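Remember, it's 1-based here, ligands and their atoms both numbered in the order they're listed. Everything numeric here is computed off the predicted structure, so don't read it as measured data.
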Amino acid sequence: MDDLSTIRSEALGAVQQAADLAALEVARVAALGKKGSVTGLMKTLGGLAPEQRKEFGARVNQLKGEIEAALEARKGALSASALSARLVNEKIDVSLPARPEGQGSLHPIGQVMDEVAAIFGEMGFSWADGPDIEDDWHNFTALNIPPDHPARQMQDTFYLPTRADGTPMVLRTHTSPVQARTMLDKNVQKMLADGGSLRIIVPGRTFRIDNDATHTPMFHQVEGLVIDRTTHMGHLKGCLVDFCRAFFEIDDLPLRFRPSYFPFTEPSAEVDIGCSWKDGELRIGAGDSWLEILGSGMVHPNVIANCGLDPAIYQGFAFGMGIDRIAMLKYGIPDLRSFFDSDLRWLRHYGFSALEWPSLTGGLGR
Ligand code: PHE
(Lines give C-alpha, C1' and ligand atoms only; values in the text may rest on other atoms or scores of the structure.)
Protein backbone atom coordinates (compact mmCIF):
# COMPACT_ATOMS: atom_id res chain seq x y z
CA MET A 1 0.00 0.00 0.00
CA ASP A 2 3.03 2.21 -0.44
CA ASP A 3 1.50 3.34 -3.65
CA LEU A 4 -1.46 4.81 -1.81
CA SER A 5 0.57 6.83 0.69
CA THR A 6 2.85 8.22 -2.08
CA ILE A 7 -0.18 9.31 -4.10
CA ARG A 8 -1.68 10.79 -0.97
CA SER A 9 1.36 12.86 -0.03
CA GLU A 10 1.91 13.99 -3.64
CA ALA A 11 -1.70 15.04 -4.14
CA LEU A 12 -2.04 16.83 -0.79
CA GLY A 13 1.37 18.48 -1.27
CA ALA A 14 0.33 19.84 -4.69
CA VAL A 15 -2.88 21.19 -3.20
CA GLN A 16 -1.05 22.92 -0.37
CA GLN A 17 1.55 24.41 -2.66
CA ALA A 18 -0.92 25.71 -5.25
CA ALA A 19 -0.20 29.47 -5.36
CA ASP A 20 -3.38 30.48 -7.13
CA LEU A 21 -6.69 29.09 -8.35
CA ALA A 22 -5.23 28.02 -11.71
CA ALA A 23 -2.48 25.96 -10.00
CA LEU A 24 -5.11 24.45 -7.69
CA GLU A 25 -7.11 23.27 -10.70
CA VAL A 26 -3.96 21.62 -12.09
CA ALA A 27 -3.53 19.79 -8.75
CA ARG A 28 -7.18 18.69 -8.78
CA VAL A 29 -6.94 17.30 -12.30
CA ALA A 30 -3.66 15.50 -11.43
CA ALA A 31 -5.42 13.63 -8.60
CA LEU A 32 -9.12 13.43 -9.43
CA GLY A 33 -9.28 14.13 -13.17
CA LYS A 34 -10.02 11.41 -15.78
CA LYS A 35 -6.38 10.45 -15.89
CA GLY A 36 -5.63 11.45 -12.30
CA SER A 37 -3.64 9.36 -9.82
CA VAL A 38 -6.60 8.62 -7.51
CA THR A 39 -8.86 7.87 -10.47
CA GLY A 40 -6.14 5.44 -11.59
CA LEU A 41 -6.36 3.62 -8.23
CA MET A 42 -10.17 3.35 -8.61
CA LYS A 43 -9.68 1.67 -11.96
CA THR A 44 -7.52 -1.07 -10.37
CA LEU A 45 -10.35 -2.10 -8.00
CA GLY A 46 -12.08 -4.25 -10.64
CA GLY A 47 -9.09 -6.58 -10.84
CA LEU A 48 -8.96 -7.33 -7.10
CA ALA A 49 -10.47 -10.23 -5.14
CA PRO A 50 -13.76 -9.29 -3.39
CA GLU A 51 -12.22 -9.17 0.10
CA GLN A 52 -9.36 -6.98 -0.98
CA ARG A 53 -11.59 -4.83 -3.13
CA LYS A 54 -13.80 -3.92 -0.20
CA GLU A 55 -10.96 -2.98 2.10
CA PHE A 56 -8.82 -1.19 -0.54
CA GLY A 57 -11.87 0.53 -2.06
CA ALA A 58 -12.75 2.03 1.31
CA ARG A 59 -9.24 3.42 1.67
CA VAL A 60 -9.22 4.89 -1.84
CA ASN A 61 -12.62 6.51 -1.17
CA GLN A 62 -11.36 7.94 2.04
CA LEU A 63 -8.29 9.35 0.24
CA LYS A 64 -10.56 10.87 -2.40
CA GLY A 65 -12.65 12.54 0.33
CA GLU A 66 -9.52 13.81 2.04
CA ILE A 67 -8.18 15.36 -1.18
CA GLU A 68 -11.58 16.94 -1.96
CA ALA A 69 -11.69 18.51 1.49
CA ALA A 70 -8.11 19.81 1.08
CA LEU A 71 -9.02 21.28 -2.36
CA GLU A 72 -12.04 23.01 -0.88
CA ALA A 73 -10.05 24.46 2.03
CA ARG A 74 -7.23 25.66 -0.23
CA LYS A 75 -9.74 27.18 -2.64
CA GLY A 76 -11.30 29.16 0.21
CA ALA A 77 -7.91 30.42 1.38
CA LEU A 78 -6.79 31.40 -2.12
CA SER A 79 -10.04 33.24 -2.88
CA ALA A 80 -9.81 35.18 0.35
CA SER A 81 -6.25 36.25 -0.32
CA ALA A 82 -7.06 37.10 -3.97
CA LEU A 83 -9.83 39.35 -2.72
CA SER A 84 -7.65 41.08 -0.15
CA ALA A 85 -4.93 41.53 -2.80
CA ARG A 86 -7.49 43.22 -5.06
CA LEU A 87 -8.71 45.39 -2.24
CA VAL A 88 -5.15 46.54 -1.62
CA ASN A 89 -4.27 47.11 -5.27
CA GLU A 90 -7.49 48.66 -6.46
CA LYS A 91 -8.04 51.10 -3.68
CA ILE A 92 -9.19 54.57 -4.78
CA ASP A 93 -7.27 57.55 -3.53
CA VAL A 94 -10.07 60.00 -2.91
CA SER A 95 -7.58 62.75 -2.16
CA LEU A 96 -6.30 62.81 -5.79
CA PRO A 97 -7.25 65.94 -7.77
CA ALA A 98 -10.17 65.47 -10.19
CA ARG A 99 -9.36 64.60 -13.80
CA PRO A 100 -9.41 67.89 -15.75
CA GLU A 101 -12.58 68.31 -17.85
CA GLY A 102 -12.08 70.75 -20.74
CA GLN A 103 -14.74 73.45 -20.73
CA GLY A 104 -16.09 74.27 -24.17
CA SER A 105 -16.63 77.79 -25.45
CA LEU A 106 -18.84 79.44 -28.04
CA HIS A 107 -17.44 80.47 -31.41
CA PRO A 108 -17.51 84.26 -31.98
CA ILE A 109 -19.92 83.75 -34.91
CA GLY A 110 -22.51 82.08 -32.70
CA GLN A 111 -21.95 84.67 -29.99
CA VAL A 112 -22.43 87.58 -32.41
CA MET A 113 -25.56 85.96 -33.91
CA ASP A 114 -26.97 85.76 -30.38
CA GLU A 115 -26.03 89.37 -29.69
CA VAL A 116 -27.69 90.51 -32.93
CA ALA A 117 -30.79 88.44 -32.12
CA ALA A 118 -30.93 89.91 -28.59
CA ILE A 119 -30.96 93.47 -29.95
CA PHE A 120 -33.45 92.93 -32.78
CA GLY A 121 -35.52 90.72 -30.47
CA GLU A 122 -36.06 93.75 -28.24
CA MET A 123 -37.30 95.64 -31.33
CA GLY A 124 -39.91 92.96 -32.08
CA PHE A 125 -38.06 91.02 -34.80
CA SER A 126 -38.22 87.24 -34.92
CA TRP A 127 -35.60 84.81 -36.25
CA ALA A 128 -36.33 83.25 -39.67
CA ASP A 129 -34.44 80.53 -41.59
CA GLY A 130 -34.06 79.37 -45.16
CA PRO A 131 -32.06 76.74 -47.07
CA ASP A 132 -28.34 77.12 -47.88
CA ILE A 133 -28.97 75.43 -51.23
CA GLU A 134 -31.31 77.79 -53.05
CA ASP A 135 -32.98 77.85 -56.41
CA ASP A 136 -32.00 80.57 -58.83
CA TRP A 137 -35.47 82.15 -58.63
CA HIS A 138 -35.39 82.85 -54.87
CA ASN A 139 -31.72 83.89 -54.87
CA PHE A 140 -31.98 86.23 -57.91
CA THR A 141 -35.14 86.53 -59.97
CA ALA A 142 -37.59 87.17 -57.10
CA LEU A 143 -35.20 89.85 -55.86
CA ASN A 144 -35.48 91.81 -59.09
CA ILE A 145 -32.28 90.34 -60.58
CA PRO A 146 -33.49 88.91 -63.92
CA PRO A 147 -31.45 86.20 -65.71
CA ASP A 148 -29.17 88.52 -67.73
CA HIS A 149 -28.74 91.16 -65.06
CA PRO A 150 -25.10 92.21 -64.49
CA ALA A 151 -25.64 91.99 -60.70
CA ARG A 152 -25.42 88.21 -61.10
CA GLN A 153 -21.78 88.62 -62.06
CA MET A 154 -21.18 90.91 -59.05
CA GLN A 155 -21.97 88.00 -56.75
CA ASP A 156 -19.44 85.29 -57.55
CA THR A 157 -21.93 82.47 -57.44
CA PHE A 158 -21.31 78.77 -56.79
CA TYR A 159 -23.64 77.08 -59.29
CA LEU A 160 -24.91 73.58 -58.52
CA PRO A 161 -26.20 70.90 -60.91
CA THR A 162 -29.66 71.74 -62.25
CA ARG A 163 -32.55 69.88 -60.60
CA ALA A 164 -34.33 67.09 -62.52
CA ASP A 165 -37.25 69.47 -63.20
CA GLY A 166 -34.84 71.94 -64.84
CA THR A 167 -34.57 74.37 -61.87
CA PRO A 168 -31.11 75.97 -61.75
CA MET A 169 -29.62 75.69 -58.22
CA VAL A 170 -27.01 77.76 -56.37
CA LEU A 171 -25.42 78.03 -52.94
CA ARG A 172 -27.20 81.15 -51.72
CA THR A 173 -24.99 84.20 -52.25
CA HIS A 174 -26.83 86.22 -49.58
CA THR A 175 -29.57 85.77 -46.98
CA SER A 176 -31.95 87.89 -49.08
CA PRO A 177 -33.80 84.88 -50.64
CA VAL A 178 -35.38 84.39 -47.20
CA GLN A 179 -37.08 87.78 -47.73
CA ALA A 180 -38.91 86.23 -50.67
CA ARG A 181 -39.61 82.93 -48.88
CA THR A 182 -41.14 84.78 -45.93
CA MET A 183 -43.28 87.22 -47.93
CA LEU A 184 -44.60 84.29 -50.00
CA ASP A 185 -45.69 82.45 -46.84
CA LYS A 186 -49.50 82.26 -46.79
CA ASN A 187 -49.64 82.79 -43.00
CA VAL A 188 -47.48 85.90 -43.30
CA GLN A 189 -49.68 87.24 -46.10
CA LYS A 190 -52.77 86.66 -43.95
CA MET A 191 -51.13 88.38 -40.96
CA LEU A 192 -50.29 91.38 -43.17
CA ALA A 193 -53.80 91.47 -44.63
CA ASP A 194 -55.12 91.59 -41.06
CA GLY A 195 -53.10 94.76 -40.51
CA GLY A 196 -50.05 93.15 -38.87
CA SER A 197 -46.43 93.99 -39.44
CA LEU A 198 -43.66 91.62 -40.54
CA ARG A 199 -40.29 91.92 -38.80
CA ILE A 200 -37.68 89.23 -39.26
CA ILE A 201 -33.96 88.78 -39.04
CA VAL A 202 -32.25 85.95 -40.90
CA PRO A 203 -28.84 85.02 -39.54
CA GLY A 204 -27.19 82.30 -41.62
CA ARG A 205 -24.51 80.95 -43.92
CA THR A 206 -23.83 82.44 -47.34
CA PHE A 207 -21.41 81.48 -50.12
CA ARG A 208 -19.34 83.27 -52.75
CA ILE A 209 -16.24 82.36 -54.73
CA ASP A 210 -13.78 84.53 -52.86
CA ASN A 211 -10.80 83.83 -50.60
CA ASP A 212 -8.42 86.26 -48.90
CA ALA A 213 -7.83 87.76 -45.43
CA THR A 214 -11.28 89.39 -45.40
CA HIS A 215 -13.25 86.96 -47.61
CA THR A 216 -13.92 83.23 -47.26
CA PRO A 217 -16.02 81.12 -49.68
CA MET A 218 -18.45 80.48 -46.80
CA PHE A 219 -19.35 83.40 -44.59
CA HIS A 220 -22.31 84.64 -42.56
CA GLN A 221 -24.88 87.36 -43.00
CA VAL A 222 -27.86 88.60 -41.12
CA GLU A 223 -30.75 89.83 -43.22
CA GLY A 224 -33.43 92.12 -41.82
CA LEU A 225 -36.89 92.72 -43.28
CA VAL A 226 -39.78 94.89 -42.16
CA ILE A 227 -43.01 94.98 -44.20
CA ASP A 228 -46.27 96.72 -43.39
CA ARG A 229 -48.27 99.65 -44.81
CA THR A 230 -46.42 102.62 -43.34
CA THR A 231 -42.76 101.82 -42.60
CA HIS A 232 -40.49 104.34 -44.32
CA MET A 233 -36.84 105.32 -44.75
CA GLY A 234 -36.85 107.16 -41.40
CA HIS A 235 -37.66 103.90 -39.63
CA LEU A 236 -34.83 102.18 -41.50
CA LYS A 237 -32.42 104.84 -40.33
CA GLY A 238 -33.58 104.86 -36.71
CA CYS A 239 -33.54 101.07 -36.51
CA LEU A 240 -30.01 100.72 -37.87
CA VAL A 241 -28.61 103.59 -35.79
CA ASP A 242 -30.07 102.00 -32.65
CA PHE A 243 -28.77 98.59 -33.65
CA CYS A 244 -25.19 99.70 -34.38
CA ARG A 245 -24.90 101.71 -31.17
CA ALA A 246 -26.28 98.83 -29.08
CA PHE A 247 -24.12 96.23 -30.82
CA PHE A 248 -20.83 98.11 -30.58
CA GLU A 249 -21.85 99.36 -27.12
CA ILE A 250 -20.94 102.96 -28.04
CA ASP A 251 -23.81 105.40 -27.36
CA ASP A 252 -22.60 108.18 -29.66
CA LEU A 253 -21.24 105.98 -32.45
CA PRO A 254 -21.39 108.09 -35.65
CA LEU A 255 -23.16 106.52 -38.62
CA ARG A 256 -23.16 107.58 -42.26
CA PHE A 257 -25.84 106.58 -44.77
CA ARG A 258 -24.39 106.62 -48.30
CA PRO A 259 -26.59 106.35 -51.42
CA SER A 260 -25.95 103.04 -53.13
CA TYR A 261 -27.49 100.52 -55.50
CA PHE A 262 -29.04 97.10 -54.95
CA PRO A 263 -31.48 95.63 -57.47
CA PHE A 264 -33.90 94.67 -54.67
CA THR A 265 -34.09 98.02 -52.85
CA GLU A 266 -34.98 101.55 -53.96
CA PRO A 267 -33.70 103.87 -52.64
CA SER A 268 -30.65 102.02 -51.34
CA ALA A 269 -28.05 103.03 -48.79
CA GLU A 270 -24.82 101.60 -47.50
CA VAL A 271 -24.09 102.27 -43.86
CA ASP A 272 -20.68 103.21 -42.50
CA ILE A 273 -19.64 103.51 -38.87
CA GLY A 274 -17.11 106.01 -37.57
CA CYS A 275 -13.64 104.84 -36.66
CA SER A 276 -10.05 105.95 -36.41
CA TRP A 277 -6.66 104.36 -36.91
CA LYS A 278 -4.01 104.88 -34.28
CA ASP A 279 -0.58 103.25 -34.62
CA GLY A 280 -2.04 100.77 -37.10
CA GLU A 281 -4.82 99.86 -34.67
CA LEU A 282 -8.48 100.32 -35.48
CA ARG A 283 -10.77 102.06 -32.99
CA ILE A 284 -14.53 102.04 -33.52
CA GLY A 285 -16.19 105.33 -32.53
CA ALA A 286 -15.80 109.02 -33.37
CA GLY A 287 -12.80 109.57 -35.65
CA ASP A 288 -11.85 110.66 -39.12
CA SER A 289 -12.42 107.38 -40.96
CA TRP A 290 -15.43 105.32 -41.98
CA LEU A 291 -15.97 101.57 -42.26
CA GLU A 292 -18.76 100.09 -44.36
CA ILE A 293 -20.73 97.49 -42.43
CA LEU A 294 -24.03 96.89 -44.20
CA GLY A 295 -26.30 97.40 -47.21
CA SER A 296 -29.91 98.50 -46.89
CA GLY A 297 -32.85 100.17 -48.57
CA MET A 298 -36.60 100.32 -49.07
CA VAL A 299 -37.81 97.00 -50.53
CA HIS A 300 -38.24 97.46 -54.29
CA PRO A 301 -41.90 97.36 -55.43
CA ASN A 302 -40.96 94.67 -57.97
CA VAL A 303 -39.78 92.41 -55.14
CA ILE A 304 -43.01 92.96 -53.21
CA ALA A 305 -45.02 92.13 -56.34
CA ASN A 306 -42.85 89.07 -57.17
CA CYS A 307 -43.69 87.77 -53.70
CA GLY A 308 -47.43 88.01 -54.21
CA LEU A 309 -48.09 91.22 -52.28
CA ASP A 310 -49.55 94.45 -53.66
CA PRO A 311 -46.84 97.15 -53.73
CA ALA A 312 -49.57 99.81 -53.73
CA ILE A 313 -50.48 98.61 -50.22
CA TYR A 314 -47.29 97.22 -48.68
CA GLN A 315 -43.87 98.73 -48.21
CA GLY A 316 -40.91 98.34 -45.89
CA PHE A 317 -37.17 98.15 -45.56
CA ALA A 318 -34.47 95.51 -45.71
CA PHE A 319 -30.82 95.30 -44.79
CA GLY A 320 -27.99 92.79 -45.00
CA MET A 321 -24.91 92.73 -42.82
CA GLY A 322 -21.80 90.54 -42.64
CA ILE A 323 -21.74 88.76 -39.27
CA ASP A 324 -18.11 87.75 -39.58
CA ARG A 325 -17.19 91.33 -40.41
CA ILE A 326 -18.93 92.90 -37.42
CA ALA A 327 -17.50 90.13 -35.18
CA MET A 328 -13.98 90.98 -36.39
CA LEU A 329 -14.58 94.70 -35.82
CA LYS A 330 -16.13 94.36 -32.36
CA TYR A 331 -13.70 91.80 -30.97
CA GLY A 332 -10.53 92.88 -32.78
CA ILE A 333 -10.01 89.59 -34.66
CA PRO A 334 -7.57 90.30 -37.49
CA ASP A 335 -7.90 87.43 -40.01
CA LEU A 336 -11.26 86.11 -41.17
CA ARG A 337 -9.78 82.79 -42.32
CA SER A 338 -8.84 81.93 -38.72
CA PHE A 339 -12.60 81.78 -37.93
CA PHE A 340 -12.87 78.52 -39.84
CA ASP A 341 -9.54 76.82 -39.06
CA SER A 342 -10.97 74.92 -36.05
CA ASP A 343 -7.83 75.69 -34.05
CA LEU A 344 -8.61 75.05 -30.38
CA ARG A 345 -6.01 77.59 -29.20
CA TRP A 346 -7.76 80.27 -31.27
CA LEU A 347 -11.15 79.27 -29.88
CA ARG A 348 -9.86 79.34 -26.30
CA HIS A 349 -8.61 82.86 -26.92
CA TYR A 350 -11.59 84.30 -28.82
CA GLY A 351 -14.39 81.99 -27.59
CA PHE A 352 -17.21 82.95 -25.23
CA SER A 353 -18.71 81.34 -22.16
CA ALA A 354 -21.70 79.19 -23.02
CA LEU A 355 -23.31 80.17 -19.71
CA GLU A 356 -23.62 83.90 -20.35
CA TRP A 357 -26.49 84.51 -22.74
CA PRO A 358 -26.22 87.97 -24.34
CA SER A 359 -29.02 90.39 -23.48
CA LEU A 360 -29.51 94.14 -23.48
CA THR A 361 -30.09 94.17 -19.74
CA GLY A 362 -27.49 91.58 -18.69
CA GLY A 363 -24.74 92.72 -21.04
CA LEU A 364 -24.03 91.86 -24.66
CA GLY A 365 -20.34 91.31 -25.09
CA ARG A 366 -17.77 90.02 -22.66
N1 PHE B 1 -28.01 91.13 -50.06
C2 PHE B 1 -27.10 92.25 -50.06
C3 PHE B 1 -25.66 91.73 -50.15
O4 PHE B 1 -25.44 90.57 -49.90
C5 PHE B 1 -27.23 93.09 -48.84
C6 PHE B 1 -28.56 93.78 -48.73
C7 PHE B 1 -29.63 93.15 -48.12
C8 PHE B 1 -28.75 95.04 -49.25
C9 PHE B 1 -30.87 93.77 -48.04
C10 PHE B 1 -29.94 95.68 -49.17
C11 PHE B 1 -31.01 95.06 -48.57
O12 PHE B 1 -24.77 92.44 -50.48
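Under the side-chain hydrogen bond (donor to acceptor under 3.5 Å, both in side chains) criterion, R86 pairs with E90, not counting sequence neighbours. Take R205 and apply the side-chain hydrogen bond (donor to acceptor under 3.5 Å, both in side chains) test, not counting sequence neighbours, and it matches no residue.
Ring pair Y331/F352: centre-to-centre distance below 6.0 Å. For F120 and F319, the gap between ring centers is short of 6.0 Å.
Between F339 and H107, the ring planes lie tilted relative to each other; the angle falls in the 30° to 60° range.
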Report all side-chain donor-acceptor pairs from residues 12-31 shorter than 3.5 Å, counting only partners two or more places apart or in another chain.
{"from": "D20", "atom 1": "OD1", "to": "A22", "atom 2": "N", "distance (Å)": "3.3"}
{"from": "D20", "atom 1": "OD1", "to": "A23", "atom 2": "N", "distance (Å)": "2.9"}
{"from": "E25", "atom 1": "OE1", "to": "R28", "atom 2": "NE", "distance (Å)": "3.1"}
{"from": "E25", "atom 1": "OE2", "to": "R28", "atom 2": "NH2", "distance (Å)": "2.9"}

May I have the N/O to N/O pairs between ligand 1 and the protein that fall below 3.5 Å, each with atom names and distance to one decimal?
{"from": "ligand 1", "atom 1": "1 (N)", "to": "H174", "atom 2": "ND1", "distance (Å)": "3.0"}
{"from": "ligand 1", "atom 1": "1 (N)", "to": "S176", "atom 2": "OG", "distance (Å)": "2.9"}
{"from": "ligand 1", "atom 1": "4 (O)", "to": "R208", "atom 2": "NH2", "distance (Å)": "2.9"}
{"from": "ligand 1", "atom 1": "4 (O)", "to": "Q221", "atom 2": "NE2", "distance (Å)": "2.9"}

